[in-house]
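Structure first, commentary second.
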Amino acid sequence: MKKYILALDQGTTSSRCIVYDKLGNKIGEAQRELPQIYPLSGWVEHDPEAIWSTQLYAIETAVKRAGIDPSEIAAIGITNQRETTVVWDKRTGKAICNAIVWQCRRTADYCEEIKKSGYEPVLKEKTGLIADPYFSLTKVRYILDNVDGARDLCEEGNLAFGTVDSWLIHKLTNGKCHATDASNASRTMMYNIHEGKWDEDILKHFSIPESMLPKVVPSSGYIADAEILGTQIPICGVAGDQQASLFGQCCFNSGDAKNTYGTGCFLLMNTGMDAVRSKNGLLTTVAWQIGNELTYALEGSVFIAGAAIQWLRDGLGILASSSDSEKMALDIPNTDGVYFVPAFTGLGAPHWDPDCRGLICGLSRGTDRRHIVRAALESMAYQTLDVLTLMERESKTEIPALRVDGGASANGFLCSFQADISGKAVIRPSNTETTSLGAACLAGLGCGLYDSVEEISSLSNSSTVFEPKMDASVRDEYISGWKNAVKKTGLR
Ligand code: ADP
């Protein structure tokens, strides 16, 4: 009986594999760190062979630990760090240089040139993205312009580009399949999210031949057979990490939203078949494609969330561990007017000011480290609220409840405060590894293990619900204090 699903979760710092059964229970898992390469300040690379070898190790180890036979695996689902760019020679199957990681800022000047040239509004309209080095387009251009022989190989039709999902599919199929799914394609800044295809004008404008691009396939459905573990296993689900987590959180309806509290926060809201255009710096992206139907999402991010807690621990040394923050915060009734705006690298949506900087304000003689720790946790909730409010305004849709995951969602104080300050229920599933679960569900749906998304919704990922309890007047006072603090960062 083919009853298990292999979820491959290729992240920025590690490659993981989780074996799920049909009910969404974890049967086995394994993980291996991925070495980071920093050739220059602000540059980040990965060795594509290391991406593959760590992923393969995780697959083999997870299956062994699960104690199952590879013949019992119904399908593979892939989720991955997004935007990271790999370029390989189609003849040898080998990458021609290191992968340029999403975090890498080497194309910042080039993005400035794009903005000055007046082409950014065209990119934004077609792709839903802003001209930023994160996205794959300028990374591909960098490789074509700077790697010896790349342009020639490309003109001969011998180069292939792919995000990490494509690279894994290439490796899993021994070079037989060059494909990506629509959610990953929508992060390349070359994909027209409204028409659902690579955009000819953009490709022409940046001299990128379509011959190097992968075929775009639905996020759920048969893609190709992986030749691993001495057998053939169909790959039936693919999505970028944030989109996979939206799916794993069962955010299937328009207005459903999830927030991932990690180093930063990623807030995504399902907007259904409507690709909502943002005027205030949210991104419009493909959530997933099932059959011919594209589902869209609005995406907003907070740059510094859990990282503020890390800074209190490692920079100030006032916390022994991240998880201690909960007990300290609960030891006092409130911050006594202390606010912490962790604008270490400026502020993102809805402010978009890269130059303002962080602050802690409202200090009095009675302030101690508990107030500062609590203010740091509260800042995650306030920043999330700012993005959430903007999303509701721009989509003209009310978000009924917020589903949460990510490392810092383990903090119960944070979840309750988020519910209080946003006046919405906060739902935390017991399996907060929603990214791999989402990939598994896409694959399960794609291979027929599940008949519908309704069946996936009924899987028992039990959850804790945090209901809002704060008085509206107290909430308004807190929020206005936060807004005042944000103004003091030197915001333009
Ligand atoms: P990422 O995937 O971005 O590396 P994770 O989802 O693993 O991040 O979350 C790690 C972040 O969450 C760290 O910044 C850490 O400080 C923070 N964190 C982890 N546990 C807690 C906790 N119990 N309370 C508050 N913050 C936490």
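Whatever order the structure lists them in is the order used to number ligands and atoms, beginning at 1.
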Next item on the list: Determine whether any heavy atom of Glu326 lies closer than 4.0 Å to an atom of ligand 1.
Entry: no
Check: Any idea which part of Ala408 is under 4.0 Å from ligand 1, heavy-atom wise: side chain, backbone, both or neither?
Finding: both
Item checked: Passing option when Arg187 is tested against Glu299, Gln243, Gln242 for side chain to side chain donor-acceptor pair (under 3.5 Å) -> Glu299
Note to self: Below the 3.5 angstrom mark, is there an N/O of Gly407, backbone or side chain, next to an N/O of ligand 1?
What the structure shows: yes
Item checked: Pair Glu60 + Arg65: basic N to acidic O under 4.0 Å -> no
Next item on the list: Please work out whether any backbone atom (N, CA, C, O) or any side-chain heavy atom from C-beta onward of Ala305 is under 4.0 Å from ligand 1, and answer side chain, backbone, both or neither.
Entry: neither
Check: What closest approach, in Å, do Val373 and Met328 show between heavy atoms, and which atom pair accounts for it?
Finding: CG2-CE, 3.8 Å
Checklist line | Lys/Arg N to Asp/Glu carboxylate O, Glu455 vs Lys22, below 4.0 Å | finding: yes
Next item on the list: Determine, considering heavy atoms only, which of Ser322, Ala376, Ala410 sits nearest to atom 15 (C) of ligand 1.
Entry: Ser322
Next item on the list: Find all atoms of ligand 1 within a distance of less than 4.0 Å from any non-hydrogen atom belonging to Ser325, and give their numbers and elements.
Entry: 24 (N), 25 (C)
Check: If hydrogens are left out, which of Gly306, Ser409, Ser321 has an atom nearest to atom 17 (C) of ligand 1, that is, the closest non-hydrogen atom?
Finding: Gly306
Checklist line | Atoms of ligand 1, numbered as shown, that sit under 4.0 Å from any heavy atom of Gly406 | finding: 6 (O)
Notebook entry, point to check: Tell me: protein heavy atom nearest atom 11 (C) of ligand 1, and distance?
Noted result: Gly262 C, 3.9 Å
Item checked: Per-atom contact, atom 23 (N) of ligand 1, protein heavy atoms, under 4.0 angstrom -> yes
Notebook entry, point to check: Does the pair Lys469/Asp420 count as a salt bridge with the N-to-O cut at 4.0 Å?
Noted result: no
Next item on the list: Could you list the atoms of ligand 1 found under 4.0 angstrom from a heavy atom of Ala307?
Entry: 14 (O)
Check: Under 4.0 Å between a Lys/Arg side-chain N and an Asp/Glu carboxylate O for Arg16 and Glu29?
Finding: yes
Notebook entry, point to check: So, is the end of the Arg106 side chain (NZ or CZ) under 6.0 Å from the ring centre of Tyr142 and within 45° of the ring's axis?
Noted result: yes
Note to self: Does this structure show an ion pair linking Asp132 with Arg105, if we count only N-O contacts that are shorter than 4.0 Å?
What the structure shows: yes
Check: In the protein, which heavy atom is nearest to atom 1 (P) of ligand 1, and how far is it?
Finding: Thr263 OG1, 3.5 Å
